[in-house]
Amino acid sequence: MAKPSLFYLSAAFVFLSVSSSLSARPPNPPIHDTFLQCLTQHANSTTPLADIVFDNTNPKFPIVLANYIRNAGFNTSSTTKPLLIVTPMVESHVQAAVLCAKSANVQLRIRSGGHDYEGLSYISPKPFILLDMSNLRTITVDVKNELAVVQAGAILGELYYRIWEKSKVHGFSAAVCPTVGVGGHISGGGYGTMLRKYGLSVDNVIDAQIVDVKGNLLNRKTMGEDLFWAIRGGGGASFGVIVSFTIKIVPVPETVTFFRVDRTLEQNATDLVLQWQQVAPTTDDRLFMRLLLSPSGKTATASVVALFLGGANELLPILDKQFPLLGLKKENCTEGRWIDSVIWFDDEEAFEKGAKPEVLLERNPNWALFLKRKSDYVQNAIPREGLELLWKTIIEMGKTGLAFNPYGGKMSQILPDATPFPHRKGNLFKIQYSVTWSDPSPAAAQNFLNQTRVLYSVMTPYVSKNPRSAFLNYRDIDIGTNSFGKNSFEEGEVYGAKYFNANFQRLVKVKTAVDPENFFAYEQSIPVSPTKA
Ligand SMILES: Cc1cc2nc3c(=O)[nH]c(=O)nc-3n(C[C@H](O)[C@H](O)[C@H](O)COP(=O)(O)OP(=O)(O)OC[C@H]3O[C@@H](n4cnc5c(N)ncnc54)[C@H](O)[C@@H]3O)c2cc1C
Ligand SMILES: *[C@@H]1O[C@H](CO)[C@@H](O)[C@H](O)[C@H]1NC(C)=O
Ligand SMILES: *[C@@H]1O[C@H](CO)[C@@H](O)[C@H](O)[C@H]1NC(C)=O
Ligand SMILES: *[C@@H]1O[C@H](CO)[C@@H](O)[C@H](O)[C@H]1NC(C)=O
Ligand SMILES: *[C@@H]1O[C@H](CO)[C@@H](O)[C@H](O)[C@H]1NC(C)=O
Ligand SMILES: *[C@@H]1O[C@H](CO)[C@@H](O)[C@H](O)[C@H]1NC(C)=O
């Protein structure tokens, strides 16, 4: 790959970026042609480059764009559209795309699986090019050394499937939803049903490849430990384009157990939740019991949805002793292989109907509902009055629910500055506020967004403070955004402290060193240091 040369087309790009409006524009052949020429100059490739660059005159443009839109709220005619979409097939395409977007003076949005809750991987307030990583999806699994190399555009379902193909006693610690993309998920922290045993995805990353702002393709050794630290939880898109991660695959037993228990308020759900708060964050680290709280008509339901890395005969005595209110019996448990638990967690109904591991390979392109998510951390058990207020609020509102994800176990053993993800010891569980709807009207959106914000406000006394912490992968623009102008650092400190606590300062240092001109900027990126900007 050639080194960057000052690119003679810059002037044309600057002109274009100034004259482009944010909404749909008439066909813009110049940027397409100049960008393509630039790519040709910089990319070492046998693929015809015209096949990987789409402008809005290309009939495939709307499909390529929508394929990995996962929030229907950002799939409207008024949603800002990219000037171009680039779908790299090999590393050198990524390197060239960075250089060419930079010399064109347009923003780059990087998208792997497109699951960003706020669509920040594929929308932008400024003219931008969308770098869609979905073709870079190779996965190599090395069971002997318990490693896998996974490219950013792979989805987690593919990763789980490829591991399972080679070994029935290995898995990986990452999200439940199989269509989530590796690039955003892992660089943003990444957690799933094994976090109490194995920590986050980032706790199991041992190497990575990234393309930096100069177009260099770096690995752990050549990027250095600071940048390697930053991209394990700090969000990749502030620092460059992640091409792949090398991960440790983790041992899982041949037989695991999963179960679900539902209780309404009339069935003493409040007592169940009170006991859950004592047990779920402290129990055996092979046991992950997610708690879902949701309104159901005039009442509400608490559901415990759980994975145990072991057989039911070992699980039942643990729960009998620690969590008697659950009243779990053997007939309430399903035993299966780890891969079965993955299918079940994603879709219990499909599992009951006999879905095979191949379902994990389904990408379900161009499919989305409307949604909003927010997050909180709980460090002291919520008292009965708090739960009663919570129930009352969700029943009145009617649709917004919560998921409590227990921490403890391995999560408490990892120091808060080992990775940018700071929410370790002392956190009992994380809350996700969640509402999903299908009515496309603006009134529906306003109502449901409002519900999550009202509930968030009601929960203030019961959650972390100073800062009120949040989880980066549960992207929420309500907690602050950046306009990447003069106040970029002050704006960044607001959401940065919530996502990263004290690690924010180190992220700023790394950012300032690797991308001092802030090319990789977006609404919640890490800002550069004001003293070095
Ligand atoms: C249905 C659903 C279920 C989820 N379940 C979980 C869960 O169980 N656990 C959990 O931790 N999270 C979960 N999430 C959140 C998810 O982890 C994040 O949304 C994650 O960022 C998605 O990664 P992606 O590649 O699909 O997203 P994208 O939208 O493609 O990217 C998200 C962010 O990462 C950046 N990015 C993406 N690829 C790259 C790259 N190659 N290089 C640099 N930056 C990049 C983007 O620019 C953007 O800022 C879920 C999300 C959804 C929609
Ligand atoms: C281009 O790619 C080929 C095959 O991967 C490689 O042998 C060659 O060295 C590369 N050239 C440059 C300039 O990077
Ligand atoms: C709920 O708790 C009450 C009081 O402890 C008890 O009498 C009742 O049996 C419980 N109901 C259920 C369904 O467990
Ligand atoms: C367990 O299964 C039995 C029999 O199917 C059922 O009656 C009971 O309600 C279940 N218990 C729980 C806790 O779900
Ligand atoms: C986006 O909108 C188009 C047109 O209404 C629709 O066909 C498509 O299914 C939508 N895709 C997503 C991901 O919402
Ligand atoms: C938001 O919800 C609250 C509580 O349900 C309600 O009182 C308020 O009117 C709502 N506001 C908007 C703008 O919908």
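Every number for a ligand or one of its atoms is a count from 1 in the order of the listing.
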Cation-aromatic face contact K430/Y191, 6.0 Å, 45 degrees: yes
N/O separation below 3.5 Å, R260 to ligand 4: no
For I69, atoms of ligand 5 separated by under 4.0 Å from a heavy atom: 13 (C)
Heavy atom of protein inside 4.0 Å of atom 4 (C) of ligand 5, strictly below: no
Ionic contact status for K392 with E388, cut-off 4.0 Å: no
Contact bool for atom 7 (O) of ligand 4 (protein heavy atom, d < 4.0 Å): no
Contact atoms of ligand 4, heavy-atom distance to L326 under 4.0 Å: 13 (C)
Residues R196, D284: salt bridge by 4.0 Å N-O rule: no
Numbered atoms and elements of ligand 6 in range of Q446, under 4.0 angstrom, heavy atoms: 13 (C)
Protein heavy atom at shortest distance from atom 12 (C) of ligand 5: N75 ND2, 3.0 Å
Ligand 4 contact on L328 by region, counting heavy-atom pairs under 4.0 Å: neither
Where ligand 5 meets A66 - atom numbers and elements under 4.0 angstrom, heavy-atom basis: 13 (C)
Element-labelled atoms of ligand 4 that are located less than 4.0 Å from some non-hydrogen atom of V261: 13 (C)
Carboxylate-amine/guanidinium proximity below 4.0 Å for E118 and R70: no
Geometric cation-pi criterion, K374 with Y456: 6.0 Å, 45°: yes
Protein heavy-atom partner closest to atom 9 (O) of ligand 5 - residue, atom, separation in Å: N366 OD1, 3.3 Å
Listed partners of D320 passing side chain to side chain contact (heavy atoms under 4.5 Å, CB included), at least two apart: none
Parallel, tilted or perpendicular: ring planes of Y474 versus F471, cut at 30 and 60 degrees: perpendicular
Sub-4.0 Å protein heavy atom near atom 14 (O) of ligand 6: yes
Heavy-atom side-chain contact between L309 and K197 under 4.5 Å: yes
K329 near ligand 4 by a heavy-atom separation under 4.0 Å: no
Subset of ligand 6 atoms that lie under 4.0 Å from at least one heavy atom of V454: 1 (C), 2 (O), 3 (C)
Those atoms of ligand 6 less than 4.0 Å from some heavy atom in N450: 1 (C), 2 (O), 3 (C), 8 (C), 10 (C), 11 (N), 12 (C), 14 (O)
Lys/Arg N to Asp/Glu carboxylate O, R384 vs D271, below 4.0 Å: yes
Sub-4.0 Å atoms of ligand 5 with respect to non-hydrogen atoms of A368: 13 (C), 14 (O)
Protein heavy atom at shortest distance from atom 2 (O) of ligand 4: N332 ND2, 2.2 Å
Carboxylate-amine/guanidinium proximity below 4.0 Å for R260 and E348: yes
Lys/Arg N to Asp/Glu carboxylate O, R468 vs D376, below 4.0 Å: yes
